[in-house]
There are 2 protein chains.
Amino acid sequence: MTSTDPHGGGTQTQQRRPTRQRRAVAAALAGFDDFRSAQEIHDLISRQGDSVGLATVYRTLSSLAEAGEVDMLRNEDGEAIWRSCSDTHHHHLVCRTCGATVEVEGPAVERWTNAIAAEHGYADLSHTLEIFGTCPTCR
Amino acid sequence: MTSTDPHGGGTQTQQRRPTRQRRAVAAALAGFDDFRSAQEIHDLISRQGDSVGLATVYRTLSSLAEAGEVDMLRNEDGEAIWRSCSDTHHHHLVCRTCGATVEVEGPAVERWTNAIAAEHGYADLSHTLEIFGTCPTCR
DNA sequence: AGCAATGTTGAGAACCATTGTCAAACTGCG
DNA sequence: CGCAGTTTGACAATGGTTCTCAACATTGCT
């Protein structure tokens with residue numbers, strides 16, 4: 001580490017350099033609004049003319065996810081799928097075939113999970129809820 | 001495909017033969033009440049003296065899951081984890097620290113997901129809902 | 001601009017959970 | 001017992017994801 005932090009800027013700045021590759025990933029993410037696997041995103045970038053290594057796509061997506069700028073969840077096969085997200089808590093209705101995604105909010109569900117957890121004395125909650133199905137177009 | 005089905009038997013009988021291996025897996029499952037990976041279950045069987053191939057453990061767990069006799073879900077790394085379960089559809093409230101699990105039913109949630117999906121024309125549904133928190137003991 | 005320090009990339013190897021292969025062993029039934 | 005259909009297991013093969021590390025880009029400094 002040796003983070004001398006010469007300027008003493010308090011909060012350690014998360015240096016994220018604006019590279020061609022990261023811009024390409026961001027651009028790709030902006031180009032669709034459903035969930036895609038890292039490999040699909042990688043292909044998409046290639047098709048857009050850019051060339052970015054697969055490992056870099058993974059790295060970038062992970063760091064974006066950690067920064068809360070993209071949602072990452074897992075499909076039924078356990079594969080990670082990603083997309084840029086709005087910043088409110090929500091869930092997804094995802095098409096198993098084409099990936100079409102609907103963002104849904106579920107105040108009822110939030111309330112229900114809180115009630116259940118309280119009932120059992122659990123605190124510091126989080127939850128995951130995703131719905132998979134086949135969209136009208138894919139049937 | 002090529003499912004010639006020579007005898008043209010209507011409902012294909014799901015013959016599940018009671019083998020030593022399947023008994024061993026069932027015994028292992030009975031030996032714990034939290035979620036374990038297939039490999040952990042395989043190790044557990046070995047430690048119990050039995051010897052069952054890893055592939056067989058996977059096969060057996062999958063078929064048990066399909067038959068609704070065990071729950072299979074994925075941890076944050078995308079690995080499949082399993083445990084025996086009651087035979088009704090339910091979700092889990094899992095302690096983030098010690099792993100203590102409470103099975104919860106949520107008819108309200110089921111209804112909600114169905115409604116949401118119908119509203120958007122999605123069919124052939126499935127969903128995942130898991131709640132994570134800190135249990136009373138771990139606070 | 002030139003340079004040094006350090007974060008970033010990419011090609012491919014490495015990992016590792018999971019599934020496929022197929023001959024040998026086992027089960028149920030006659 | 002003997003056959004037909006299942007099941008098993010050792011191992012290869014997959015496939016997504018991460019690691020490695022030398023080459024490269026970016027930033028800050030002079």
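Residue numbers start from 1 in every chain, and the chains themselves are labelled A, B, ... in the order their sequence lines are given, proteins ahead of strands. What you see is a predicted model; the values in this text were computed from it and never measured.
- In this structure, the NE2 atom of His42(A) is 13 Å from the P atom of dT9(C), given to the nearest Å.
- Under a hydrophobic-cluster definition in which Ile, Leu, Val, Met, Phe, Trp and Tyr are linked whenever side-chain heavy atoms come within less than 4.5 Å, directly or via other members, Val57(B) and Val70(B) are assigned to the same cluster.
- Between Ile41(B) atom CD1 and dT18(C) atom C1' the separation is 14 Å, expressed in whole Å.
- Within a 6.0 Å radius of CD in Gln48(B), more than 12 heavy atoms belonging to other residues, nucleotides or ligands are found.
- Here dA17(C) presents its P atom at 10 Å from CD of Glu40(B), a figure rounded to the nearest Å.
- In this structure, Ala55(A) and Ser37(B) both approach DNA chain C, and ranking their closest nucleotides by distance from the 5' end singles out Ala55(A).
- Proximity of a side-chain donor or acceptor of His42(A) to a complementary backbone N or O of Val52(A) within less than 3.5 Å is detected.
- A close approach under 4.0 Å does occur between a side-chain nitrogen or oxygen of Gln21(B) and OP1 or OP2 of dG9(D).
- The aromatic rings of Trp112(A) and His91(B) sit perpendicular to each other, their planes meeting at more than 60°, with 30° as the lower class boundary.
- Between the C1' atom of dG15(D) and the CG atom of Leu54(A) lies a distance of 11 Å, rounded to the nearest Å.
- Note: CD (Glu79(B)) to C1' (dC15(C)) measures 12 Å, nearest angstrom.
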Return the polar atom pairs (N/O with N/O) between nucleotides 24-30 of chain C and the protein under 3.5 Å, or none.
unit_1: dT27(C); atom_1: O4'; unit_2: Arg17(B); atom_2: NH1; d: 3.3
unit_1: dT27(C); atom_1: O2; unit_2: Arg17(B); atom_2: NH1; d: 3.3

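- A donor and an acceptor atom never sit less than 3.5 Å apart when one is taken from the side chain of Arg59(B) and the other from the base of dG20(C).
- Side-chain contact between Thr101(A) and Asp33(A) is absent, with no heavy atoms from C-beta onward closer than 4.5 Å.
- Side-chain contact annotation: Thr56(B) with Arg59(B), donor-acceptor N/O pair under 3.5 Å present.
- At the heavy-atom level, Ser51(B) lies under 4.0 Å from the strands shown only through sugar-phosphate atoms.
- A distance of 4.5 Å separates CZ in Arg83(B) from NE2 in His92(B), rounded to the nearest 0.5 Å.
- In this structure, Leu61(A) atom CG and dG16(D) atom P are separated by 15 Å, rounded to whole Å.
- Contacts between residues 70-78 of chain B and DNA chain C, defined by a heavy-atom separation below 4.0 Å, involve no residue at all.
- Sorted by first and then second residue, the pairs that involve residues 69-78 of chain A and meet salt bridge (charged side-chain N to carboxylate O under 4.0 Å, His left out), not counting sequence neighbours, are Glu76(A)-Arg96(A).
- Listed nucleotides: dG10(C), dT8(D), dT17(D). Nearest to the side chain of Gln39(A): dT17(D).
- Under the 3.5 Å distance criterion, the side-chain polar atoms of Arg20(B) are matched with a main-chain donor or acceptor of Ser51(B).
- Rounded to whole Å, atom P of dT18(D) lies 7 Å from atom OH of Tyr58(A).
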